[in-house]
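Just follow the structure's listing: the first ligand is 1, and inside any ligand the first atom is 1.
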Amino acid sequence: MNFETLEFEVKDNIGILSISRPNALNALNAKVINELGLFFESLDATVQCLILTGSGEKAFVAGADIKEMASIEKNAGEAFAKRGQTVFQLIENSPIPVIAAVNGFALGGGLELAMACDFIIASQNAKFGLPEVSLGLIPGLGGTQRLSRYIGKAKARLMVTTGDIYSAQKAYDWGLVAEVVEAEELKEKCLEMAASITKRSPLAVRLAKKSVTDGFELSQDDGMQLEAQLFGEAFASEDKVEGVNAFIEKRKPNFTGK
Ligand code: CAA
């Protein structure tokens, strides 16, 4: 599939998807959101882990496209938020892990996109914030909901009401970012993490992600039930037979994802 605003490469079952709007710091316009939706709907099993990043050195994504939003009114604004939220949910619920490799500004919709991924790895020069209030707006792509789940309600309210921008180190201290690395090591670090994932059972990885993601929104009792059910599903897989036998036979497993 050919995209105007996305670049994609895949090697050794690891995909790298870059958002590419060089003249707008990769800002999310309706086209990017639609292309992201199409991309995640058409992902096939050859990709077992995806790294999502922004093209160029300066930005992951500098937010929703402010110039496009200039002409949008109430109903179109709500529709933009709903469409974007649906696409970001596709990312959050994708059967494969998605690593956000944040290589510069992750502001507004950019931070919202990164938070829809499984975890965020940031370069030292990355900057994080939800500055929408300085435009007379609020975050509309899940930011007010996901941020408090990452860093707690008080710090989320601090970020959305001040609109201030934070360093990668602060984002790490607050638990928004899983790891901070030198800018030139970001791609290599994410590839290393992706490789740790792709050598495991794809089926078990999918079930483990689902158990954490879906369980997080449930009570602990309901989450335990979900976990037990998914644990049972793993027992019905060929990967479980292969993984357990490989351990007993002291060899490397050869997983098929079935
Ligand atoms: N939308 C559209 N264009 C953008 C953009 C955005 N979010 N961010 C940057 N650009 C454009 C700039 O207009 C500029 O284009 P021109 O050369 O044609 O003028 C180009 O990208 C380079 O940007 P700057 O010259 O501003 O670069 P800088 O280094 O001086 O500043 C920045 C970088 C601090 C990130 C600054 O660009 C900025 O503040 N961007 C906006 C950040 C923002 O407010 N994001 C939130 C958007 S609202 C949102 O996301 C709502 C939501 O939840 C859905």
Side-chain angles (χ1 to χ4, degrees), residues 3-7 18-37 39-40 52-92 98 100-117 120 122-151 153 155-171 176-177 183 186:
F3 295 109
E4 216 176 276
T5 65
L6 305 177
E7 290 162 1
S18 306
I19 297 179
S20 181
R21 292 192 65 217
N23 298 328
L25 300 184
N26 306 324
L28 302 174
N29 60 9
K31 176 137 227 146
V32 181
I33 302 266
N34 277 334
E35 290 195 343
L36 277 172
F39 177 86
F40 278 91
L52 177 59
T53 193
S55 77
E57 312 280 293
K58 200 168 163 186
F60 174 72
V61 166
D65 190 312
I66 299 170
K67 291 166 192 165
E68 188 179 75
M69 285 191 303
S71 58
I72 290 181
E73 289 173 4
K74 184 173 186 282
N75 291 342
E78 188 173 333
F80 178 85
K82 284 189 171 150
R83 172 72 183 137
Q85 288 172 1
T86 304
V87 169
F88 286 14
Q89 264 161 342
L90 265 182
I91 299 174
E92 185 163 53
V98 182
V102 174
N103 52 324
F105 292 107
L107 303 179
L111 174 52
E112 294 175 290
L113 175 62
M115 288 192 292
C117 298
I120 300 171
S123 64
Q124 296 272 13
N125 63 330
K127 298 261 184 272
F128 296 86
L130 292 176
E132 284 87 345
V133 286
S134 48
L135 298 164
L137 290 171
I138 70 163
L141 302 178
T144 61
Q145 304 308 301
R146 287 199 181 91
L147 186 61
S148 48
R149 286 164 167 80
Y150 270 85
I151 65 174
K153 211 158 47 164
K155 291 197 282 296
R157 285 187 297 222
L158 174 66
M159 282 184 75
V160 298
T161 56
T162 61
D164 285 346
I165 306 227
Y166 297 87
S167 67
Q169 186 58 47
K170 178 63 104 180
L176 182 55
V177 161
L186 180 65

Test item: [X] side-chain N/O and [Y] main-chain N/O as donor-acceptor pair under 3.5 Å:
| X | Y | value |
| --- | --- | --- |
| Asn125 | Ala183 | no |
| Glu92 | Gln89 | no |
| Glu68 | Asn29 | no |
| Asn103 | Gly56 | yes |

Sub-4.0 Å heavy-atom environment of ligand 1, residues by chain: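 Contacts of ligand 1 under 4.0 Å: Asn23, Ala24, Leu25, Ala27, Lys58, Ala62, Gly63, Ala64, Asp65, Ile66, Lys67, Met69, Phe105, Leu107, Gly108, Gly109, Glu112, Pro131, Glu132, Leu135, Pro139, Gly140, Leu141.
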
Salt bridge (charged side-chain N to carboxylate O under 4.0 Å, His left out) involving Lys155 - partner list, sequence neighbours excluded: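 Expected list: none.
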
Glu112 with Arg146: basic N within carboxylate O range, under 4.0 Å: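 Here Glu112 does not pair with Arg146 in a salt bridge, since their nearest N and O are not under 4.0 Å apart.
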
